[in-house]
Protein chains: 2
Amino acid sequence: MRYPDDSLIALKENGYRLTATREAVNKVLYDHKGPFTIEMVSDALPGIGRATIFRTVRLFQDLGIICRVNMEGGAVRYQLASTGEHHHHFICTVCGVVTEFIDAHIDQAVNRQAQGADFELNSHTIDLYGVGSCCSKK
Amino acid sequence: MRYPDDSLIALKENGYRLTATREAVNKVLYDHKGPFTIEMVSDALPGIGRATIFRTVRLFQDLGIICRVNMEGGAVRYQLASTGEHHHHFICTVCGVVTEFIDAHIDQAVNRQAQGADFELNSHTIDLYGVGSCCSKK
DNA sequence: TAGCAATTTGATATTAAGTATCAATAAGGA
DNA sequence: TCCTTATTGATACTTAATATCAAATTGCTA
Ligand SMILES: [Zn+2]
Ligand SMILES: [Zn+2]
Ligand SMILES: [Zn+2]
Ligand SMILES: [Zn+2]
């Protein structure tokens, strides 16, 4: 998912209707970039009900358009997924920016662990917390 | 952290007071075993205020006695850490049981990723979701 | 072991994330 | 255009968690 239209295409392809509300939310996400909370989207779109924002964000998650990110301490952020691919997160604990990475090597090791433990793996998450180059005081 | 007393020792060692409330919460956790919610602890200890349960659970987390586990979908569970060591989680999405594993190989790869990305890593979490041997219908 | 300062607690209020309900509205295919 | 179905908004509700602050408890020490 790279361009705003990709979201709208994903909606149609999956049998969801293309509504003004969903377009508006999508626009906010692409205009904003970076991590966001439901509050931020809601504030940016005063005409749209909170419940609908939640619904839309969840739908976009299901479509792989955005990821949900658990911050340290339990707060939740969402962010546009740069692609629909499986990936992991660098989470800057200073500014909140989330960067994605892919590591086939780690994924292999994860699968191996699951096999060794007789665990039928369905999904996994890997989150790295620290200070990104965005905020490092070199 | 293996025995109930370990928690009490950890409290003292870190300059926290050993109170009846903390002992009571600790006992509930060790008697119960397995994952728990704040509700469960609160129900088991009607005489203790909710806020104090939260405070105690957070304190025990800080001391490495329990882990917080994010379930798929965002629900939160806590569970006694079998040791104070760094570890990762198998999370059975059927029954909710959380099993720990340690994998130095993965941790190395994680550190390598962080170095390569100029990311000053402070901590990380790895959670595997699926069906454990506890619930596999072989 | 009585006294005291500092920590901890409970009650209460509040914030925040998220879901449930349901009538009214909008989308899109025929 | 019409009609069925999906979507929305308002509202209420649930659950997790934090803030406040006076009252109770702890650990220490004189
Ligand atoms: Zn940053
Ligand atoms: Zn992976
Ligand atoms: Zn299970
Ligand atoms: Zn690790």
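Please read these numbers as outputs of a predicted model, since none were measured by experiment. Quick note: numbers below take in every heavy atom, side chains included, and nothing from hydrogens, waters or symmetry partners.
Note: B:His88 and A:His124 fail the aromatic proximity criterion, with ring centroids not under 6.0 Å apart.
With rounding to whole Å, A:Lys12 atom NZ is found 16 Å from D:dA6 atom P. Atom CG of A:Asp43 is separated from atom P of C:dA16 by 11 Å (rounded to the nearest Å). When rounded to the nearest whole Å, the span between CG of A:Leu8 and P of D:dT7 equals 14 Å. Rounded to an integer number of Å, the gap from CG of A:Leu11 to C1' of D:dT7 is 12 Å. Remark: C1' of D:dT7 and CD1 of A:Ile48 are 12 Å apart, rounded to the nearest angstrom. Regarding A:Asn14, its CG atom lies at a distance of 15 Å from the P atom of D:dA6, rounded to whole Å. The interatomic distance linking B:Ile53 (CD1) with D:dT18 (P) rounds to 14 Å, in whole Å. Rounded to whole angstrom, the span from the CD atom of B:Gln61 across to the P atom of D:dA16 amounts to 14 Å.
Both A:Gly49 and B:Arg58 lie near DNA chain D, and the one whose nearest nucleotide falls closer to the 5' end is A:Gly49. The residue among B:Arg22 and B:Ala51 whose nearest nucleotide of DNA chain C lies closer to the 5′ end is B:Arg22. Where B:Val76 and B:Leu18 each meet DNA chain D at their nearest nucleotide, the meeting point lying more 5' is that of B:Val76.
Atoms CD and CZ, on B:Gln113 and B:Phe119 in that order, are 11.0 Å from each other to the nearest 0.5 Å.
Note: the hydrophobic cluster containing B:Ile65 does not contain B:Val69 (ILVMFWY, side chain heavy atoms under 4.5 Å, direct or indirect links). B:Val98 and A:Ile126 are members of different hydrophobic clusters when ILVMFWY side chains are connected at heavy-atom separations under 4.5 Å. When the side chains of ILVMFWY residues are joined at heavy-atom separations under 4.5 Å, either directly or via intervening members, A:Phe90 and A:Val97 end up in two distinct hydrophobic clusters. Taking hydrophobic clusters as Ile, Leu, Val, Met, Phe, Trp and Tyr residues chained together by side-chain heavy-atom distances below 4.5 Å, A:Leu8 shares a cluster with A:Ile48.
Remark: A:Arg50 engages A:Glu39 in a salt bridge, criterion side-chain N to carboxylate O under 4.0 Å.
Considering all non-hydrogen atoms of both residues, B:Pro35 and B:Met40 come closest at O-SD, 4.2 Å.
Annotation: the terminal axes of the helix from C:dT1-D:dA30 to C:dA30-D:dT1 meet at 30°, where each axis is the rotation carrying the C1' atoms of four end pairs onto the next four (5 pairs per end, rounded to 10°).
Base engagement by B:Thr52 is indicated by at least one non-hydrogen atom pair under 4.0 Å involving a base atom. Among the atoms of the strands shown, none is found under 4.0 Å from any heavy atom of B:Gly15. When heavy atoms are screened at a 4.0 angstrom cut-off, B:Arg77 is found touching no nucleic acid atom at all.
A donor-acceptor contact under 3.5 Å is not formed by the side chain of A:Arg55 with the base of C:dG18.
Under 3.5 Å, the side chains of B:Asn26 and B:Ser7 contain a donor-acceptor pair of N or O atoms.
Side-chain proximity of A:Arg50 to C:dG18, D:dT7, D:dA17: nearest is C:dG18.
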Report the C-alpha distance between A:Ile102 and A:His86 in whole Å, list the side-chain angles of each, state the deciding distance to 0.1 Å, and finish with yes or no for side chain to side chain contact (heavy atoms under 4.5 Å, CB included). CA-CA 7 Å; A:Ile102 294 176; A:His86 172 76; over 6 Å; no

What protein N or O atoms touch nucleotides 24-26 of chain C N or O atoms at under 3.5 angstrom, if any, and at what distances?
none

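In terms of phosphate contacts, A:Tyr16 brings no side-chain nitrogen or oxygen within less than 4.0 Å of OP1 or OP2 of D:dT8.
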